[in-house]
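For reference, the structure is listed below as structure tokens.
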Amino acid sequence: MPHGSLKEVLSMKKVRILGTGCPKCNKLFDNAVAAAEESGIECDVEKVSDISKIMDAGVMMTPALVIDGEVVSSGKTLSPGEIGEMLKR
């Protein structure tokens, strides 16, 4: 559970990296963490490797990036800058 006030926790972006643990999935996770740090946006970043959860999200290609429950990218390893722009939306 993230630390902070209730307001901070409620406004925190939920970022999920869906993937099986391949190098591209791990790189996307690292880039998401870097994007959150560089942008100053509070994020809860988590890896999801459970194949049933990945399929439940409708993802057919990994790695996938999910922000606040919406799949915003699939099959690509986005840069920290690209992810940062998505976090600002």
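Residue numbers count from 1 along this sequence. All figures in this text were calculated on a predicted structure; none of them were measured in a lab.
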Could you check if a side-chain atom of [X] sits within less than 4.5 angstrom of a side-chain atom of [Y], using non-hydrogen atoms only?
X: Leu65; Y: Ile17; value: yes
X: Lys88; Y: Ile41; value: yes
X: Lys47; Y: Asn26; value: yes

Linked, directly or transitively: [X] and [Y] (ILVMFWY side chains, under 4.5 Å):
X: Ile54; Y: Val72; value: no
X: Val15; Y: Val48; value: no
X: Val45; Y: Met12; value: no
X: Phe29; Y: Ile67; value: yes

Shortest non-hydrogen separation from [X] to [Y] and the atoms involved:
X: Met61; Y: Ala64; result: O-CB, 4.2 Å
X: Leu28; Y: Leu78; result: CD1-N, 3.6 Å
X: Leu18; Y: Ala57; result: CD1-CB, 3.7 Å
X: Thr77; Y: Pro63; result: OG1-CG, 4.0 Å
X: Cys25; Y: Gly19; result: SG-CA, 3.4 Å
X: Leu87; Y: Ser39; result: CD1-OG, 4.3 Å

Problem - Sidechain N-carboxylate O distance under 4.0 Å for Lys13, Asp68 - result: yes
Exercise for the section: Look up atom CD in Glu82 and atom OG in Ser73, then write down how far apart they are to the nearest 0.5 Å. Expected result: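 Going from the CD atom of Glu82 to the OG atom of Ser73 covers 8.0 Å.
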Handout entry: Separation of Lys27 NZ from Asp30 CG (nearest 0.5 Å)
Key =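 Between atom CG of Asp30 and atom NZ of Lys27 there are 6.5 Å.
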Practice task
Could you tell me whether a side-chain N or O of Arg16 sits under 3.5 Å from a main-chain N or O of Val71, the two making a donor and an acceptor?
Solution key: no
